[in-house]
Protein chains: 2
Amino acid sequence: MQKPEIVFSNFLRTKGLKLTSPRKIILEAVFTTHEHFNVDAMYDLIRQTHSNVSRATIYRTMPLLVEAGLIKQSVRCQSKDYYEHTYGHSNHLHLICKVCGEIIEADCKEVEKAIEKIALKYNFKSTEFDLSARGICSACSEQE
Amino acid sequence: MQKPEIVFSNFLRTKGLKLTSPRKIILEAVFTTHEHFNVDAMYDLIRQTHSNVSRATIYRTMPLLVEAGLIKQSVRCQSKDYYEHTYGHSNHLHLICKVCGEIIEADCKEVEKAIEKIALKYNFKSTEFDLSARGICSACSEQE
DNA sequence: GTCAATGCAAAGACTTTGCAATCTA
DNA sequence: TAGATTGCAAAGTCTTTGCATTGAC
């Protein structure tokens, strides 16, 4: 499997776009993050080591990463758009807390199996999954 | 099954809240809409017959309808939050064909069970599910 | 050197909130 | 009548955009 940098740089070249320093920095930050992330978190992370990447550039880069197949738009939570890796990552089940907004990413092999079973009935070949459950996390339900 | 109006009015009463005229109008509009909807669409729809319901009130009523279990937050699309009915609609697994766009709505009891099993590990109490799988439907895979 | 990309700040879009007036129970 | 609710407008939050400058190829 190719490195994300290679995928991105190829993508940019075929579109006649340029692999700039901010784009490299953003890509690196995105792929050192293991959770789903939003623009603000990216901005803070990048700021820890680089002082010269603006929010605007991050906002402008996200759609490119999506189009390149490296990330995808994930849930929206508390008015913020979240992203997550798709490149090199297996599917996750998102457990979203309605109270505090926490998002737990859980392994979903068993859920996928259950879906495959259903898909079989319809002769449907599934490739990607979007799975989320909303509810209340343990911390929040203890506080009630 | 009780009418949404009854459910809402009971919900409000148990919370010590009041069933006001704007809330009745909003509820009615929400349940005459069959598609997913957003606040703006609701506002326009209501304006066709009532001139005295503000956007602010719609924004304030949506969370109540969610809490009452009548609607749920759905996808976010083009920076707008969408809602959809849940009352009277059981959860579905959506099998979405990437080729022809067909959406198969399948029963997902088994998938929910699998999710509950995972949620249990995290002490997460799930209440709503958003489940979709993208792939290729039988008709489209035959044509390849 | 050319043209895309950046940073900044301003603008935009959607949503939330403070407050005085109003209405439900 | 008490206290919740409303409409309005102002404020907030996230995201997008115009423009002069900078930088990649």
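Letters go in sequence order (proteins before strands), and every chain restarts at 1.
Dashed line: the shortest gap from a side-chain N or O of B:Tyr59 to OP1 or OP2 of C:dT15 is under 4.0 Å.
Counting heavy atoms from C-beta outward, A:Ile118 and A:Phe124 have side chains that stay 4.5 Å or more apart. Annotation: side chain of A:Arg55 is in contact with side chain of A:Asp40 (closest heavy-atom distance under 4.5 Å). A:Leu131 has its side chain out of reach of A:Asn91: every pair of non-hydrogen atoms, C-beta onward, lies at least 4.5 Å apart.
Regarding A:Leu64, its CG atom lies at a distance of 12 Å from the P atom of D:dT16, rounded to whole Å. Atom pair A:Asp44:CG and D:dC14:P shows a separation of 11 Å (rounding to whole Å applied). Counting to the nearest Å, the P atom of C:dT16 and the NZ atom of A:Lys80 are 12 Å from each other. In this structure, B:Asn52 atom CG and C:dT22 atom P are separated by 14 Å, rounded to whole Å. In this entry the distance linking CE of B:Met62 with C1' of C:dT17 reads 18 Å, nearest Å. Counting to the nearest Å, the C1' atom of D:dC14 and the CG atom of A:Asn38 are 10 Å from each other. Rounded to whole angstrom, the span from the CZ atom of B:Arg55 across to the C1' atom of C:dT17 amounts to 17 Å. One interatomic measurement links the two molecules: OH of A:Tyr43 to C1' of D:dT13, which rounds to 16 Å at whole-angstrom precision.
No side-chain donor from either of B:Thr86 and B:Glu128 sits under 3.5 Å from a side-chain acceptor of the other.
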Do any N or O atoms of the protein come closer than 3.5 Å to N or O atoms of nucleotides 18-21 of chain D, and which pairs are they?
residue: D:dG18; atom: O6; partner: A:Arg60; partner atom: NH1; Å: 3.4

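Of the inter-residue distances, the one linking B:Thr33 atom OG1 with B:Met42 atom CE reads 3.0 Å to the nearest 0.5 angstrom.
Comment: A:Asp130 engages A:Lys72 in a salt bridge, judged by a side-chain N to carboxylate O separation of less than 4.0 angstrom. In this structure, A:Lys117 pairs ionically with B:Glu110, as a charged nitrogen and a carboxylate oxygen lie closer than 4.0 Å.
The nearest heavy atom of DNA chain C to A:Val53 and to B:Asp40 marks one nucleotide each, and the one closer to the 5' end goes with A:Val53.
By the 30° and 60° cut-offs, the orientation of the rings of B:Phe37 relative to B:Tyr83 is parallel.
The main-chain N or O of A:Lys18 is found under 3.5 Å from a side-chain atom of A:Arg23 such that the two form a donor-acceptor pair.
Near DNA chain D, meaning a heavy atom under 4.0 Å from it, residues 11-24 of chain B has B:Gly16, B:Leu17, B:Lys18, B:Thr20, B:Pro22, B:Arg23 in order of number.
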